[in-house]
Amino acid sequence: MDLKDIKKLRIKSGVGIVECQKALIKSKGDFDKAFELLRKQGEKIIANRQAKSTNNGIIEAYIHLNGKIGVLIELACETDFVAKNKEFKDLAHDLAMQVAALSPQWINKEDVPEQVIKKEKEIYLEEIDKSKSKPIQAKIIDSKLESFYKESCLMGQAFIKNSQISINDLMQDKISKLGENIKVKKFTRFAI
């Protein structure tokens, strides 16, 4: 067991040293397999944490440099201990910057009012080539709706600091690393 591999795995995964050592032992020293084991373990933690209540957290304020855009965001977690954690506070700050930069209207696609979805579908139906079959038209509308959700819902947006991941992916990563359920409860964006 190489201490450098344990340290490298800890840095890459964000998991504790003991868990990294166990994963390397289980994978017989194969770094990639160990990392994959830790990811699967993290997914199990996330699934178990989703049902936990989030009664603690912080409210983060972000004012953009020009002073014309401001955001308040409520980020909740399970314990006060995590709410005071630097990584949790950094996440709240990053999310507030995300809201300032991309101006989402809702947190999740489930939060989009039914009348807004209906109106979007009507608009897309008018844009579609009527010569296409009904199933193809339905697929086009569904595809356009997914694009709408990615643009207007915070969790679907690409992270402004790393466009390779979505905000939802970022949140799942933090839940895995911090070992607690984390939720964006609400946000408000102000602009002049």
Side-chain angles (χ1 to χ4, degrees), residues 12-14 32-33 35-54 60 62 64 68-77 90-178 180-192:
K12 185 173 181 180
S13 67
D32 293 332
K33 284 184 183 176
F35 182 70
E36 191 60 34
L37 284 171
L38 290 174
R39 283 191 59 213
K40 288 178 183 174
Q41 182 180 341
E43 289 169 6
K44 289 177 188 173
I45 290 169
I46 291 167
N48 292 336
R49 289 288 176 194
Q50 293 297 330
K52 299 274 186 173
S53 64
T54 52
E60 177 70 20
Y62 173 78
H64 193 63
K68 295 185 184 238
I69 298 174
V71 172
L72 287 174
I73 189 164
E74 180 184 351
L75 187 63
C77 59
D90 289 345
L91 174 63
H93 183 74
D94 286 345
L95 292 172
M97 282 181 22
Q98 179 84 20
V99 172
L102 298 182
S103 189
Q105 295 177 347
W106 301 279
I107 297 170
N108 295 298
K109 68 180 184 180
E110 293 79 23
D111 300 330
V112 179
E114 194 59 43
Q115 65 268 24
V116 172
I117 295 170
K118 184 179 176 185
K119 185 71 176 167
E120 289 296 316
K121 285 182 177 180
E122 288 172 7
I123 292 168
Y124 302 149
L125 192 58
E126 288 178 21
E127 295 173 352
I128 293 175
D129 180 3
K130 303 296 185 236
S131 66
K132 297 190 186 288
S133 69
K134 293 283 185 195
I136 291 178
Q137 288 182 16
K139 285 182 182 181
I140 292 170
I141 290 172
D142 289 343
S143 174
K144 287 181 178 255
L145 261 180
E146 282 305 311
S147 295
F148 170 76
Y149 293 140
K150 285 180 181 178
E151 183 179 308
S152 61
C153 299
L154 177 64
M155 290 300 150
Q157 291 181 336
F159 184 33
I160 58 173
K161 288 186 171 181
N162 178 1
S163 61
Q164 302 300 311
I165 63 171
S166 69
I167 294 297
N168 188 54
D169 295 337
L170 175 68
M171 293 287 286
Q172 299 304 320
D173 181 55
K174 297 301 179 186
I175 290 169
S176 177
K177 284 183 179 178
L178 296 172
E180 283 197 11
N181 193 13
I182 300 171
K183 290 183 179 175
V184 175
K185 293 280 188 165
K186 56 187 163 187
F187 61 81
T188 304
R189 182 181 188 270
F190 304 92
I192 294 177

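This structure is a prediction, so every number in the text was calculated from the model and none was measured.
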Sequence neighbours excluded, the answer for ring-ring contact (aromatic ring centres under 6.0 Å, His included) partners of Tyr62 is His93

Could you grab the distance from atom CD of Gln172 to atom CD1 of Ile182, nearest 0.5 Å is fine?
9.5 Å

Are any of the side-chain heavy atoms of Leu91 and Met171 separated by less than 4.5 Å?
yes

Which residues share a side-chain hydrogen bond (donor to acceptor under 3.5 Å, both in side chains) with Ser131, sequence neighbours left out:
Asp129

Grab the two heavy atoms, one from Ile73 and one from Ala92, that are nearest each other, plus how far apart they are.
CG2-O, 3.9 Å

When rounded to the nearest 0.5 angstrom, what distance separates NZ in Lys183 from CD1 in Ile175?
9.0 Å

Point-to-point distance, once rounded to the nearest 0.5 Å, from CZ of Arg189 to CD of Gln98:
11.5 Å

Quick one: closest heavy-atom pair of Val71 and Ala96, and the distance?
CG2-O, 3.6 Å

Paired with Pro113, the side-chain contact (heavy atoms from CB on, under 4.5 Å) test is passed by just one of Ile117, Asp111, Val116, namely Val116

Can you see which heavy atom on Gly156 is nearest to which on Ser166, and at what distance?
O-CB, 4.2 Å

When rounded to the nearest 0.5 Å, the distance separating CE of Met155 from CG of Leu95 is 6.5 Å

Considering all heavy atoms of both residues, which atom of Pro104 and which atom of Cys153 are nearest to each other, and what is their separation?
CB-C, 4.1 Å

N/O donor-acceptor pairs under 3.5 Å from side chains in residues 140-147, not counting sequence neighbours:
residue: Lys144; atom: NZ; partner: Glu127; partner atom: OE1; Å: 3.1
residue: Glu146; atom: OE2; partner: Lys109; partner atom: NZ; Å: 3.2
residue: Ser147; atom: OG; partner: Ser143; partner atom: O; Å: 3.3

Grab the two heavy atoms, one from Leu102 and one from Ala158, that are nearest each other, plus how far apart they are.
CD1-O, 4.0 Å

Measure from the side-chain N and O atoms of Gln157 to the backbone N and O of Glu151, and report whether any donor-acceptor pair falls under 3.5 Å.
yes

Distance in Å, Ile167 CD1 paired with Ile107 CD1, rounded so as to fall on 0.5 Å steps:
12.5 Å

Distance in Å, Gln137 CD paired with Ile128 CD1, rounded so as to fall on 0.5 Å steps
5.5 Å

